[in-house]
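When a residue number appears, it is its place in the shown sequence, counting from 1.
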Amino acid sequence: MVKKSLNKSIKSMEPNLKKKKVLSVLIALFIIGTFLRINGLDWGLPLLLHPDERHGINQSVRIASTGDLDPKVYNRPDHVIIYLNAFVYKVFSYVKYNNSAMRGNVQYLYNNNPSPYVYLARLTTAVFGSLMILSMFLLGKEVGGTKVGLFSSCFTAFFPSLILHSHYVTPDIPLAFFISMAAFYTCKYMKKRKAQFLFLGCIFCGLATAEKYPGLISTLVIVFAVVFTYWHKKIKILKLGASSLLVYLSSVFIVAPFLFLNYKHTYKTIVYEARPYHFGVPKLGWGSKLLFYLDLIHHYMGTFLLIFFLFGVLLFFIGFKRYIRIKKHYLVISLFGLAYWVLMSKVGLHWERWAIPMYIVPLIIASVGINYLLVYLKTRSNIFRSVLFIIIGIIVSSIFFRGLYQSLDFIKPNTQNVSKKWITENLPKDAKILAEGYTPVEPGHPFWIGEKSIEMYKRDGIDYVVVSSYMYERFFAEEDRYSRQAKFHRDLFEKERLVKRFSTTDIELGRNDLLAIYRVIHFLIDYLRHKKLYLVGPEIRIYKLL
């Protein structure tokens, strides 16, 4: 009798012990992932080096200072972050400068010392990046169980691109978080068939759209879910579709009303943002852009994790009934990822940051692939299981070291900051300097030079020319389009005297997981010995005109 009671007690404790272990792992992933995201948030300061950060920050400062709620800019549109940061700025100015007569004038305080405001805005993005670690656990768990959730959370916590963009005041990380939450509540709805979950998914779709226009694509996850849940009930589909659309549009309007109130300006902005050409971005066809985003996924995931992703895709076709059974979550998530990839590849331009929401689905599918093999090999040979555990260990180690290396990039001295100090200390005070964009003289802005010849600049009295690889590499890459600028830089490099060069010391980790681990460990050892030798940023060249 005692033995039976003891066994019963132990069995009743097992779920709680499992939950505690899962919670412990999740907390550990959240803490480590958060550290990787907040480490180095002050990068580049007091220079504002990212070309897109100033747009949202300026509007948040203006709103906090004047009370005019119209963000004025609708390009992304960034409205969730703009309003959120405006509120943070207002609170910060009152708390930090409570003894100052100017504590309510955020614009004045920002102009006087912008660094804390930039840091706070980056911290907002980092918070969304950290919350995504939790949302991906919830989504992964809903799709394939607790282990899938933990793998998804782990890969999200250490994923290099997500760490990279969590350091920028840009809408891409909040967008990805909102999309992951929309997908989670949609899956929750498919399981429970309760309308509140569907409407919560619509609200997050609305937040995604108010933050960045591609968030509109997130509504497809709602459409797929409703259609697959009520395949033979057309009236039900129409009713849910109408109510979901109303909730979605209401959410967008509540968060970003000026998109509707100034709809003509919004339309013009969307048309402009959909343009097929941008400085420094070569024009690609639809197929090439599809491959471009696939290549990015491979680049950041590494080879082993990509293999599990492809295996997860294979399960979609051959293992759906066996593993997923009648659960449609996997189907909906897979189709949503496919639709987002195809539609974003159809847009005129292409950027690495546009792939951020695309990473959600491959990480989930790769986690499903890993979990399937774990289940399949559970009763098989210990050799196969051992090999699988070793490969999983390599994957986790590889993506962790990649993420760690990405995070450490933000505490390395930036070439623009270092060269700015050198220019101040070494060039004559009365020297006349010509500088292009992404140099310490013109940071964070693609300002062009080279419209005139070097001889003409000499006649204008220019003593020194400062150039950046972020500019001249673009000219050389499209020399047929920028022939004049490319010729100017070639003449500068060949005929004038190079006074100083500040080069980046970034290393290419590659896609081989073992090689990436080795290179990061080798870097860490050398970095601890010779920190001052490592720089990040564009190559800065300073020339003396002869």
Side-chain angles (χ1 to χ4, degrees), residues 15-38 125-163 165-166 173-192 197 200-201 203-204 207-208 218 221 225 300-301 305 308-309 312 323-324 327 329-330 332-334 336-337 356-375 392-393 395-397 399-400 402-403:
N16 291 329
L17 289 173
K18 185 179 179 182
K19 286 181 181 179
K20 287 181 179 179
K21 288 181 180 179
V22 170
L23 184 60
S24 298
V25 172
L26 190 59
I27 290 173
L29 290 173
F30 182 78
I31 291 173
I32 298 171
T34 299
F35 169 77
L36 295 176
R37 284 158 175 77
I38 65 175
T125 306
V127 167
F128 278 107
S130 297
L131 290 175
M132 194 175 169
I133 299 171
L134 304 180
S135 67
M136 285 293 283
F137 169 77
L138 295 174
L139 178 58
K141 183 182 178 183
E142 204 64 35
V143 171
T146 301
K147 288 182 181 178
V148 173
L150 286 176
F151 279 123
S152 303
S153 179
C154 177
F155 300 145
T156 301
F158 305 145
F159 202 72
S161 180
L162 300 179
I163 293 171
H165 290 278
S166 290
I173 291 296
L175 170 69
F177 169 74
F178 294 142
I179 289 177
S180 65
M181 287 301 297
F184 163 68
Y185 277 114
T186 303
C187 290
K188 197 81 172 173
Y189 164 74
M190 294 176 70
K191 182 178 180 180
K192 301 288 186 180
F197 293 126
L200 282 170
I203 290 171
F204 277 103
L207 289 170
S218 64
V221 75
Y300 286 115
M301 292 181 77
L305 192 57
F308 280 106
F309 163 56
Y323 178 57
I324 307 299
K327 189 187 291 185
H329 301 54
Y330 191 50
V332 168
I333 293 299
S334 300
F336 169 66
I356 291 175
M358 296 182 198
Y359 299 139
I360 294 172
V361 175
L363 292 180
I364 295 289
I365 292 178
S367 300
V368 169
I370 291 174
N371 188 54
Y372 178 86
L373 281 182
L374 285 173
V375 173
I392 292 173
I395 290 172
V396 173
S397 300
I399 202 165
F400 167 74
R402 292 171 190 271

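- Of all the heavy atoms in G144 and N371, the pair that sits closest is O-ND2, 3.8 Å.
- Evaluation of the side chain to side chain contact (heavy atoms under 4.5 Å, CB included) rule for T125 yields I173, P174 as partners, not counting sequence neighbours.
- With a 4.5 Å cut-off on side-chain heavy atoms, V332 and C187 do not count as touching.
- A heavy-atom distance below 4.5 Å is found between the side chains of M132 and I360.
- Heavy atoms only, all atoms of each residue included: I38 and A126 are closest at CG2-CB, 4.1 Å.
- Taken to the nearest 0.5 Å, the CD atom of E142 stands 5.0 Å off from the NZ atom of K191.
- Between P357 and I179, the shortest heavy-atom distance links the atoms CB-CD1, 3.8 Å.
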> Passes side chain to side chain contact (heavy atoms under 4.5 Å, CB included), L373 versus F308? Steps please.
Replying inline: CA-CA 9 Å; L373 281 182; F308 280 106; 3.5 Å; yes
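- Taking the six-membered ring where tryptophan is involved, the planes of Y300 and Y359 are perpendicular, since the angle between them exceeds 60° and thus also 30°.
- Between the CZ atom of F178 and the CZ atom of F128 there is a distance of 4.0 Å, given to the nearest 0.5 Å.
- Between C154 atom SG and L26 atom CG the span is 11.0 Å, to the nearest 0.5 Å.
- Between G33 and I133, the shortest heavy-atom distance links the atoms CA-CD1, 3.7 Å.
- Counting only heavy atoms from C-beta outward, the side chains of F155 and I370 approach each other to under 4.5 Å.
- Looking only at side-chain heavy atoms (C-beta outward), T186 and F336 stay at 4.5 Å or farther from each other.
- Considering only heavy atoms from C-beta on, S152 comes within 4.5 Å of I364 through its side chain.
- Taking each heavy atom of A176 and I356 in turn, the nearest pair found is CB-CG2, 3.8 Å.
- Looking at heavy atoms from C-beta onward, I27 lies in side-chain contact with L23 at the 4.5 angstrom threshold.
- Interatomic distance, CG of L131 versus CZ of F30, reported as 6.0 Å (0.5 Å rounding).
- In this structure, CD1 in I203 is found 9.5 Å from OH in Y185, a value given to the nearest 0.5 Å.
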> Stepwise, does the side chain to side chain contact (heavy atoms under 4.5 Å, CB included) test hold for L374 with F151?
Replying inline: CA-CA 12 Å; L374 285 173; F151 279 123; 3.7 Å; yes
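- At distances below 3.5 Å, at least one donor-acceptor pair connects side-chain atoms of R37 with backbone N or O atoms of A157.
- Between atom CZ of residue F159 and atom CZ of residue R402 there is a gap of 9.5 Å, rounded to the nearest 0.5 Å.
- Distance alone, capped at 3.5 Å, places no donor-acceptor pair between the S153 side chain and the G149 backbone.
- Between T146 and F137, the shortest heavy-atom distance links the atoms O-CE1, 4.0 Å.
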